Every structure is written in C-alpha cells, then in structure tokens.
*Asks:* 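Could you have a look at this structure, given as structure tokens, before my questions?
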There are 2 protein chains.
Amino acid sequence: MQEDKAPTTSGIRSQSEESAERLRAYLHQGAVRGRTTDDVTGAMREAILDGVLPPSAWLRESELATAFKVSRTPVREALKRLADEGLVIKTAHHGAMVASLSLEDVLALYVVREDLEGLAARLAAVRCPEGLVEELDEINAAMREAAGREAVAELSKLNLAWHRALRTGAANPYLERFLGQVEHAVRRLPATTLGHPGRAEEVLAEHEAVARAVRERDGETAEREARAHMRRAREIRLAVLLGG
Amino acid sequence: MQEDKAPTTSGIRSQSEESAERLRAYLHQGAVRGRTTDDVTGAMREAILDGVLPPSAWLRESELATAFKVSRTPVREALKRLADEGLVIKTAHHGAMVASLSLEDVLALYVVREDLEGLAARLAAVRCPEGLVEELDEINAAMREAAGREAVAELSKLNLAWHRALRTGAANPYLERFLGQVEHAVRRLPATTLGHPGRAEEVLAEHEAVARAVRERDGETAEREARAHMRRAREIRLAVLLGG
DNA sequence: CTCGAAGGAATTGCATGCAACTTGAATGTG
DNA sequence: CACATTCAAGTTGCATGCAATTCCTTCGAG
C-alpha cells in the first residue's frame with residue numbers, strides 16, 4: 001500500500017522509507033514461496049540482534065509488512081515466534097515491542113551460559129570429532145588476525161562462530177538449541193566485550209586452552225577452561241555495562 | 001462451521017467426531033477473544049504430551065480447526081510454534097506430524113537435564129527462598145501418599161510439580177525456560193518411570209536428599225544429589241524403553 | 001486547576017478466499 | 001512388464017476483510 005507519494009520533495013526519502021530498506025536487506029534473496037514466514041522471522045531476529053530494531057521500539061504489523069513487502073500474516077506469525085523466544089513482548093491489541101534485558105537478566109544469563117558452555121566443551125572433548133580441533137584453530141587464527149587489525153565487528157562474528165563450532169562438536173541437539181537461545185540473548189546486549197582493552201588477547205588464550213583440552217580429549221579440563229572463560233566474559237561484560 | 005450433518009446414522013459417532021471432542025476438552029473454558037491462538041497452542045501441546053495426538057500422526061490444519069471450532073489461522077500459528085519447540089515436524093504443502101524421539105535423543109536429553117537440574121538445585125539451595133523447603137516437603141508427602149495408593153498418574157503429576165518448584169526456587173528465567181522445554185521433551189516419552197517396581201520409593205528418598213541440602217543451604221550437596229537423581233532416572237528410563 | 005468519563009482513531013485478532021505446491025495414481029511408451 | 005510422464009486431488013501458504021479491543025484525546029464537572 002503506502003506508496004512513495006510522500007508529501008516530501010522527491011529525492012528526499014522519509015525516515016520510514018530508509019528504515020524499510022534497511023529491514024528489507026535482511027531478507028534472503030532467493031525467497032522462494034513457502035518460506036516467506038521463515039525469512040521474515042529470521043530477518044526480524046537479525047534486525048533486532050543487530051540493533052536496527054532497538055529495544056523499546058514499537059513493532060507495528062502493518063509497518064513491518066509494508067517494509068518487507070509482504071502481507072501482515074507472516075509478520076504476525078514471526079512476532080509470535082519471536083515473543084516465544086523472548087526477543088519481543090506482545091501486548092494484546094496494542095502492539096509488540098523489542099524486549100530489553102535488565103542487569104539481573106544478564107547475570108542470570110551468564111550463570112546458565114557458564115554451565116552449558118562447560119558441558120558443551122566436555123562433550124566435544126570426549127567425542128573429539130574429526131576436524132573439530134582444526135576448525136577451532138582456524139577460527140582462532142582468523143580472530144588473531146582480526147584482532148591485529150582491530151576489526152572488532154569481525155572479531156565478534158568469528159567469536160560466535162568459534163562457540164558455534166564447539167557446541168556443534170558436542171553433537172547434542174538439546175544443548176545446541178539451548179546454547180543457540182543463549183547466543184540470541186547475548187547478542188541483544190549492547191556492543192561487545194571484545195572491544196575492551198586487552199580482552200581480545202585474553203579470549204584468544206582462553207580459546208586455545210579449551211581447544212588444547214579438546215585435542216587431548218580431556219573432558220574435565222575442557223569443561224573447567226570453558227567455565228573459566230565464561231566467568232571472565234561475565235566480569236568484562238559487567239564492567240562494560242556498568243563502567244560505560 | 002461443518003455441522004453434525006454427518007451421513008452416519010444418528011447415535012453413532014464417527015471416529016473423528018470422538019477425537020474432536022477429546023481435543024476440545026483441552027481448551028480452556030474461559031477462552032476470551034484475543035487468546036484463541038494461545039489456547040489452541042496449549043491445548044495441542046497438552047494433547048501431544050498426553051499421547052492423544054500420538055507420534056507420527058498427521059496433523060491437518062482444517063481437521064484441527066473444525067475440532068477446536070476455530071478457523072485455520074490460530075491452528076496454523078500453533079503448529080508453527082510447536083515446530084519451533086520441536087514437538088512437531090512440518091513439511092511444506094503437505095502437513096505437520098508429531099515428532100518422535102529416538103533413543104539417541106533420549107540420551108542427549110538426559111545429559112543436558114542432569115546438568116540443568118543440578119544447576120537449579122544449587123541455585124535454589126544458595127537462595128533458599130522463603131517457603132521453598134516447605135513446598136518441596138509438602139509435594140513429596142503427597143507423592144508418598146500417592147505411591148501408597150499406587151496412583152502412578154497422580155504420582156507423575158506431583159513429580160513434575162516438585163521439579164517445577166525446585167527450578168522456580170532457583171529464580172533464573174533462562175534456567176526456568178530451558179528446564180520447561182526439557183520437561184516437555186520428557187513428557188513426550190511413553191509411560192513414566194515411576195511405575196517401575198521400587199522406583200517410587202527411590203525417588204522419594206532422592207527428593208528428600210535434595211530438599212535436605214536445600215534446607216541447609218548446601219549448594220554443592222544439592223547439586224550432587226540432584227545430578228545423581230537424574231542419572232538414576234536416566235538408567236530407569238533406558239530400562240523401561242529397552243526392557244519393555 | 002485537577003480529575004474523571006466518554007468517544008474516536010488506531011491496532012491487533014480471527015475468518016476466509018485464492019494460488020501454489022506436493023503427492024500419488026493412472027496412463028502411455030519402450 | 002517396467003518405467004517415465006502427465007494429471008488431478010488435497011494441503012498448506014499468503015493476502016485481505018471485518019470485528020473486537022485498546023489507548024489517547026477531548027470535554028465536562030467539581
């Protein structure tokens with residue numbers, strides 16, 4: 001609906017128009033029919049995690065529908081699913097808004113994360129599937145290179161990939177699902193801890209300690225190191241959140 | 001829609017008609033407008049967990065819609081949400097079916113469960129919120145009484161309540177969510193382990209050991225006992241699944 | 001000036017219609 | 001007889017329309 005017939009002078013785009021294009025960029029190109037809802041769900045999730053849809057922003061079905069150039073139905077379903085994941089909060093007949101995390105939520109999150117990442121490291125070490133150690137080392141090498149260039153955004157992406165590789169190596173679908181949800185929650189936090197002075201080098205060392213234990217199939221050490229890694233991550237996170 | 005004008009002789013109900021009534025019973029009575037989808041989602045979830053919708057059963061949107069006397073829209077949304085939870089599997093343009101758990105899934109589930117229940121017990125013990133110990137003891141007493149009557153179904157319900165109370169006492173929203181998903185997965189398993197000879201008494205003793213540690217605010221012991229409880233539960237579960 | 005109530009605009013909630021896709025069976029061909 | 005091909009029935013996927021509900025503004029009374 002709502003065409004570009006805005007009363008503004010041609011050549012000047014309204015704010016909503018720009019926002020709409022940014023959102024549309026998150027849609028997968030090859031959007032075949034039959035997966036529109038999944039695409040919209042993923043796009044909105046990424047938009048929220050990237051901060052394009054900031055916390056406390058109101059999400060209107062029709063607005064999002066015109067932005068994505070789809071009908072309200074897939075948007076509506078996507079909002080329900082994201083509400084189940086805890087990313088948005090819905091209020092009946094009024095709208096949905098991006099949920100924000102309290103400090104208590106962050107603490108609770110890291111408590112669970114320490115446990116689950118530790119479990120993932122232990123399982124991965126015990127199984128030690130073909131190629132896992134190489135993959136971990138490869139990602140960590142890429143991280144070292146990115147750290148040298150001070151490319152924090154890239155570093156952050158690689159860090160996520162490292163943890164994903166580790167939990168995939170654990171080969172436990174439930175653990176995978178829960179750690180995926182944890183990742184979504186962590187990515188909602190503003191900024192990253194990898195920009196903190198000296199943290200990047202620490203992370204590299206901690207990752208190496210875990211990878212070493214995995215290579216030696218030492219489950220206990222892998223768990224201990226992974227938990228220590230997460231405790232340290234929590235400390236830095238709190239410093240970043242509180243200290244500014 | 002679809003009235004009772006079935007071509008069968010009056011007085012004889014078709015099988016689908018009976019099934020529809022059983023499903024409808026899961027809907028909350030005071031279904032106010034604005035919560036139809038949530039009601040349908042919950043009803044379908046409970047129906048699946050109770051085995052009314054058995055694994056490998058095909059779930060047709062229109063069929064369920066007429067059964068619940070709603071339109072296809074809320075049913076459709078419910079199916080998507082249940083698919084996210086892993087309870088059903090959808091195939092595009094063909095239908096959704098109730099997912100079944102493989103033996104490997106069960107093992108993976110209990111591995112994660114051991115960790116999370118242990119964490120919940122530790123956190124609950126450290127916090128030891130007002131009234132928690134009393135609630136645990138109360139539920140356990142009710143379980144003892146039910147065990148005496150050999151009321152297995154009631155015993156199972158109380159057992160779920162005990163674990164829910166413990167994790168609520170941990171006061172960690174992420175832990176609560178994940179253990180809720182674990183509970184859904186466990187409830188999908190056929191039968192219960194509490195019918196196994198002698199298991200009910202064991203469970204009572206193990207619960208008491210955890211509750212005692214919680215009372216004494218001994219986090220380490222609580223975690224150790226809870227993990228032992230889950231390991232034993234897994235053993236019995238495997239015996240029930242394999243031994244018949 | 002403050003507080004309360006009523007009305008209207010905006011938004012979501014659900015129902016339904018049509019198009020696209022999948023599947024299986026029937027048919028024709030080698 | 002085996003196999004590929006076509007076609008038709010059935011199902012879901014998405015778009016849209018209408019009704020119910022909410023919230024905010026405005027108006028009136030104290």
Side-chain angles (χ1 to χ4, degrees), chain A residues 1-3 16 19-20 23-24 26-44 53 56-84 87-99, chain B residues 1-3 16 19-20 23-24 26-44 53 56-84 87-99:
Chain A
M1 329 287 136
Q2 184 130 341
E3 285 301 321
S16 63
S19 168
L23 284 180
R24 203 151 42 228
Y26 281 98
L27 280 181
H28 289 98
Q29 298 275 343
V32 292
R33 184 185 173 89
R35 302 235 166 118
T36 308
T37 300
D38 288 338
D39 275 344
V40 170
T41 306
M44 286 185 52
L53 294 173
S56 300
W58 282 106
L59 305 174
R60 307 264 165 64
E61 287 183 6
S62 15
E63 208 171 303
L64 293 167
T66 60
F68 286 125
K69 297 197 171 174
V70 298
S71 86
R72 273 178 47 216
T73 306
V75 173
R76 170 187 170 69
E77 293 180 356
L79 284 174
K80 260 203 161 54
R81 291 165 77 179
L82 293 177
D84 281 346
L87 265 69
V88 310
I89 296 173
K90 299 196 75 176
T91 67
H93 290 104
H94 188 61
M97 63 185 281
V98 180
Chain B
M1 324 304 134
Q2 183 129 344
E3 287 300 323
S16 63
S19 168
L23 284 179
R24 201 150 45 228
Y26 281 98
L27 280 180
H28 290 99
Q29 299 275 341
V32 292
R33 185 187 173 89
R35 301 232 168 118
T36 308
T37 300
D38 288 338
D39 274 346
V40 170
T41 306
M44 286 186 51
L53 294 173
S56 300
W58 282 105
L59 304 174
R60 307 266 162 65
E61 286 182 5
S62 16
E63 207 172 303
L64 293 166
T66 59
F68 286 125
K69 296 196 172 175
V70 298
S71 86
R72 273 178 47 216
T73 306
V75 173
R76 169 186 170 70
E77 293 179 355
L79 284 175
K80 261 205 160 53
R81 292 165 75 178
L82 294 178
D84 280 347
L87 265 72
V88 310
I89 296 174
K90 299 196 76 177
T91 65
H93 290 104
H94 188 64
M97 62 185 282
V98 180

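Lettering of chains follows the sequences in order, A, B, ..., and the numbering in each one begins at 1. Remember, it's a predicted structure, so these values are computed and weren't measured experimentally.
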*Asks:* What's the CG-P distance between L64(B) and dG10(D), to the nearest Å?
*Replies:* 18 Å
*Asks:* E61(A) has a side chain; which of dA15(C), dA20(C), dT12(C) sits nearest to it?
*Replies:* dT12(C)
*Asks:* Is the shortest side-chain heavy-atom distance between E63(B) and V75(B) below 4.5 Å?
*Replies:* no
*Asks:* Is there a side-chain polar atom (N or O) of T37(A) under 4.0 Å from OP1 or OP2 of dC14(D)?
*Replies:*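 So the side chain of T37(A) is within the cut-off, an N or O lying under 4.0 Å from OP1 or OP2 of dC14(D).
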*Asks:* Does a side-chain N or O from T36(B) land closer than 4.0 Å to OP1 or OP2 of dC14(C), or not?
*Replies:* yes
*Asks:* From CG of L79(A) over to C1' of dG13(C), roughly how many Å is that when rounded to an integer?
*Replies:* 13 Å
*Asks:* Return the value, rounded to whole Å, for the distance between atom CZ of R35(B) and atom C1' of dT21(D).
*Replies:*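 Result: 12 Å.
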*Asks:* If you compare all heavy atoms of K90(B) against all heavy atoms of A83(B), which two are closest, and at what distance to 0.1 Å?
*Replies:* CG-CB, 4.0 Å
*Asks:* Hey, is the side chain of R76(A) poking within less than 4.0 Å of OP1 or OP2 on dC14(C), counting only N and O atoms?
*Replies:* yes
*Asks:* Please pick, from dC14(C), dG13(D), dC14(D), the nucleotide with the shortest atom-to-atom distance to any side-chain atom of S71(B).
*Replies:* dC14(C)
*Asks:* Do D84(A) and D84(B) come close enough that some side-chain heavy atom pair is under 4.5 Å?
*Replies:*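 Side chain of D84(A) against side chain of D84(B), heavy atoms only: no contact under 4.5 Å found.
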*Asks:* Ignoring backbone atoms, establish whether R72(A) has a side-chain N or O less than 4.0 Å from OP1 or OP2 of dT16(D).
*Replies:*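 Answer no for this pair, as no side-chain N or O of R72(A) is under 4.0 Å from OP1 or OP2.
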*Asks:* Donor-acceptor pair, distance only, cut-off 3.5 Å: does the side chain of R81(B) make one with the backbone of T41(B)?
*Replies:*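 Side chain of R81(B) to backbone of T41(B), a donor-acceptor pair under 3.5 Å: no, none is there.
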*Asks:* Contact between H94(A) and W58(A) at the side-chain level, heavy atoms closer than 4.5 Å - yes or no?
*Replies:*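 Of all side-chain heavy-atom pairs linking W58(A) with H94(A), at least one is under 4.5 Å.
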*Asks:* Among dG13(D), dC23(D), dC14(D), which nucleotide has an atom closest to any side-chain atom of H94(A)?
*Replies:* dC23(D)
*Asks:* Rounded to the nearest Å, what distance is computed from the CD atom of residue E77(B) to the P atom of nucleotide dA15(C)?
*Replies:* 10 Å
*Asks:* Taking CH2 from W58(B) and C1' from dG24(C), how many angstroms apart are they, rounded to a whole number?
*Replies:* 13 Å
*Asks:* Can you tell which of dG13(D), dT11(C), dT16(D) lies closest to the side chain of R60(A)?
*Replies:* dT11(C)
*Asks:* Could you check whether T91(B) gets within reach of a base, just the sugar-phosphate, or nothing at all, counting any heavy atom under 4.0 Å?
*Replies:*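 Answer is nothing: T91(B) stays at 4.0 Å or more from every strand.
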*Asks:* Could you tell me which residues satisfy side-chain hydrogen bond (donor to acceptor under 3.5 Å, both in side chains) with T37(B), sequence neighbours excluded, listed by chain and number?
*Replies:*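 Partners of T37(B) by the side-chain hydrogen bond (donor to acceptor under 3.5 Å, both in side chains) criterion, ordered by chain and then number, come out as E77(B).
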*Asks:* Taking only residues two or more places apart in sequence, or in another chain, which ones meet R72(B) in a side-chain hydrogen bond (donor to acceptor under 3.5 Å, both in side chains)?
*Replies:*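 R72(B) satisfies side-chain hydrogen bond (donor to acceptor under 3.5 Å, both in side chains) with E61(B) once adjacent residues are dropped.
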*Asks:* Tell me the bend of the helix from dC1(C)-dG30(D) to dG30(C)-dC1(D) as the angle between end helix axes, each from five pairs, rounded to the nearest 10 degrees.
*Replies:* 10°
*Asks:* For A92(A), give me all partners under side chain to side chain contact (heavy atoms under 4.5 Å, CB included), at least two apart in sequence or on another chain.
*Replies:* none
*Asks:* In whole angstroms, how far is the P atom of dA15(D) from the CZ atom of F68(A)?
*Replies:* 13 Å
*Asks:* Hey, which of these two, A92(B) or L59(A), hits DNA chain C nearer its 5' end, going by closest nucleotide?
*Replies:*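 With A92(B) and L59(A) compared, the 5'-side residue is L59(A).
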*Asks:* From the list dC14(C), dT21(D), dC14(D), which nucleotide is the closest neighbour of the side chain of H93(A)?
*Replies:* dT21(D)
*Asks:* Could you give the CD1-to-C1' distance, from I89(A) to dT12(C), as a whole number of Å?
*Replies:* 17 Å
*Asks:* Could you tell me whether the phosphate oxygens of dG13(C), OP1 or OP2, come under 4.0 Å of any side-chain nitrogen or oxygen in K90(A)?
*Replies:* yes
